[in-house]
Engineer: 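First, the structure itself, so that you have it in front of you.
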Protein chains: 2
Amino acid sequence: MKDIIARLKENGVTLTPQRMAVTEFLSRSRNHPTVDEIHRNIQRRYPTMSVATVYSTLKLLKELGEIQELSIRKRGKACFDPNPGLHHHLLCRKCGKILDIDFNHPSNCPIMAKESIDGCKVEEVQAYLYGICPECLKKESDKKG
Amino acid sequence: MKDIIARLKENGVTLTPQRMAVTEFLSRSRNHPTVDEIHRNIQRRYPTMSVATVYSTLKLLKELGEIQELSIRKRGKACFDPNPGLHHHLLCRKCGKILDIDFNHPSNCPIMAKESIDGCKVEEVQAYLYGICPECLKKESDKKG
DNA sequence: ATCTATATTTATAATGATTATAAATTAAGA
DNA sequence: TCTTAATTTATAATCATTATAAATATAGAT
Ligand SMILES: [Mn+2]
Ligand SMILES: [Mn+2]
Ligand SMILES: [Zn+2]
Ligand SMILES: [Zn+2]
């Protein structure tokens, strides 16, 4: 958190209260919030906060490599990940939660090698899995006995 | 092609000229066309073809597992893949082409194992890579000498 | 072949997340 | 404090997709 703020300053970013609020909210976040969720949460303490500013701040943070954007909800809202590092995600079809999928060794997953695949230069990877999360699987098996 | 038609019949699908046209166009396709591209191409021979029917036919083919939909162009148009089997894709940032990325052995890529990862039941996988295709890489290196 | 009920297609409007715009406000530096 | 540039805000525009309802086509029965 402190780090992000420091890096933003280094990059000459004006640290407005709105930008601080978005950055702070995201870095606290353990899930992958949407623009709406971010906006609503900040508005509770900062009623004049506009959704346009949330968009612009997220764009800024993304361009600086501090966060990443996920398009896992195909035509739905984008979600934002305070962790910009390469990892995969699973969208649970029962509860809608988005889980981090980490292959403990990047070497286990060839698309995490980045660099070059099939003669293509690979600059970004988004791997989206769709299925059912452990919690929902448990609920299902409990119901069935 | 003949196979798809046969399977559609088996599933009790009414084979209208419009549905035939979409199915035929897709199965001929070696790339990953958008709704627009499909519509425009069919309209040349079938001027009354509506875009709504392209949408509805694609939905049908997808539900029957004959094609798959890609959301690799994040907030842009969806593209459709006549090959419903699991494989990855790369979107070239220079030319916009979408390439198939095939790891020759599915065992090389753990997210192709499907079944279960990290206690999650995995039902679908979409791996989107972003970068530069071999053709565009060549053009770049040619320019530089 | 004709009729009828059902399914499909078509044109059109509605949706909804995101982006663009321009006026109002704020921040930074002189 | 004053001035200029950057940022925020409210609002409108965009655009792929989905919903709707009337028109048309299909399939099965007569
Ligand atoms: Mn994540
Ligand atoms: Mn493909
Ligand atoms: Zn779940
Ligand atoms: Zn290319």
Side-chain angles (χ1 to χ4, degrees), chain A residues 5 8-25 32-64 67-81 91 96 98, chain B residues 5 8-25 32-64 67-81 91 96 98:
Chain A
I5 300 300
L8 293 179
K9 259 186 189 150
E10 266 178 44
N11 282 89
V13 172
T14 320
L15 287 172
T16 64
Q18 292 92 333
R19 285 175 176 170
M20 291 289 274
V22 172
T23 306
E24 202 175 324
F25 177 79
H32 303 86
T34 63
V35 169
D36 247 43
E37 285 161 6
I38 299 168
H39 182 230
R40 271 201 307 276
N41 272 277
I42 294 175
Q43 248 190 353
R44 291 199 308 230
R45 308 201 154 232
Y46 201 132
T48 80
M49 182 77 179
S50 83
V51 73
T53 301
V54 177
Y55 274 105
S56 84
T57 305
L58 290 170
K59 191 180 169 205
L60 187 71
L61 293 173
K62 201 171 59 167
E63 281 165 359
L64 293 169
I67 64 173
Q68 64 175 309
E69 180 173 356
L70 309 180
S71 307
I72 195 170
R73 285 177 217 274
K74 305 185 176 181
R75 191 130 292 267
K77 305 176 186 173
C79 349
F80 293 84
D81 192 333
L91 172 62
I98 295 170
Chain B
I5 301 299
L8 293 178
K9 259 186 188 151
E10 267 177 42
N11 282 88
V13 172
T14 320
L15 287 173
T16 64
Q18 291 92 335
R19 285 175 177 170
M20 292 288 274
V22 172
T23 307
E24 202 174 325
F25 177 79
H32 303 86
T34 63
V35 169
D36 246 43
E37 285 161 7
I38 299 169
H39 182 230
R40 271 203 306 278
N41 273 276
I42 295 177
Q43 248 190 352
R44 291 200 308 231
R45 310 201 152 233
Y46 201 131
T48 80
M49 183 77 179
S50 83
V51 73
T53 301
V54 176
Y55 274 105
S56 86
T57 304
L58 290 170
K59 189 178 172 207
L60 186 70
L61 292 173
K62 201 171 61 166
E63 282 166 358
L64 294 170
I67 64 173
Q68 63 174 312
E69 182 173 354
L70 309 179
S71 307
I72 195 170
R73 283 178 218 275
K74 306 185 175 181
R75 191 130 294 267
K77 304 175 185 175
C79 348
F80 292 84
D81 192 333
L91 172 62
I98 295 170

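If you're wondering where the values come from, they're calculated on a predicted model, not measured in any experiment. Note on naming: letters A, B, ... go to the chains in the order of the sequence lines (proteins, then strands), and numbering restarts at 1 for each one. When reading the values below, keep in mind they use all heavy atoms of this one structure, side chains included, and skip hydrogens, waters and symmetry mates.
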Engineer: Has B/Glu63 got a side-chain atom pairing as donor or acceptor with B/Leu60's backbone, closer than 3.5 angstrom?
Structural biologist: no
Engineer: Does D/dT7 have OP1 or OP2 under 4.0 Å away from a side-chain N or O of A/Arg19?
Structural biologist: yes
Engineer: Dump the intermediate steps for side chain to side chain contact (heavy atoms under 4.5 Å, CB included) on B/Leu58 and B/Glu69, then the final yes or no.
Structural biologist: CA-CA 9 Å; B/Leu58 290 170; B/Glu69 182 173 354; over 6 Å; no
Engineer: Return the CD1 to SG distance between B/Ile67 and B/Cys79, rounded to the nearest 0.5 Å.
Structural biologist: 11.5 Å
Engineer: Where the side chain of A/Pro17 is defined as all heavy atoms beyond and including C-beta, which of D/dT8, C/dA27, D/dA16 is the nearest nucleotide?
Structural biologist: C/dA27
Engineer: Using only atom types and a distance under 3.5 Å, with no angle test, would you say the side chain of A/Arg73 pairs donor to acceptor with the backbone of A/Gly96?
Structural biologist: yes
Engineer: So, is B/Gln18 close to the C/dT10 phosphate, meaning a side-chain N or O under 4.0 Å from OP1 or OP2?
Structural biologist: yes
Engineer: Measure from the side-chain heavy atoms of B/Val35 and tell me the nearest of C/dT18, D/dT8, D/dT17.
Structural biologist: D/dT17
Engineer: Please report, rounded to the nearest Å, how far the P atom of D/dA16 is from the CD1 atom of B/Ile72.
Structural biologist: 18 Å
Engineer: Ignoring the backbone of A/Tyr55, work out which of C/dT19, C/dT10, D/dT9 is nearest its side chain.
Structural biologist: C/dT19
Engineer: Identify, residue by residue, the members of residues 37-49 of chain B with a heavy atom below 4.0 Å from DNA chain C, and return them in order of residue number, or none.
Structural biologist: B/Thr48, B/Met49
Engineer: Roughly, in whole Å, what's the span from CD in A/Glu69 to C1' in C/dA17?
Structural biologist: 11 Å
Engineer: When you check the phosphate oxygens OP1 and OP2 of D/dA25, does a side-chain N or O of B/Thr14 lie under 4.0 Å from one of them?
Structural biologist: no
Engineer: Mind checking if B/Thr16 touches a base, just sugar-phosphate, or nothing, with heavy atoms under 4.0 Å?
Structural biologist: sugar-phosphate
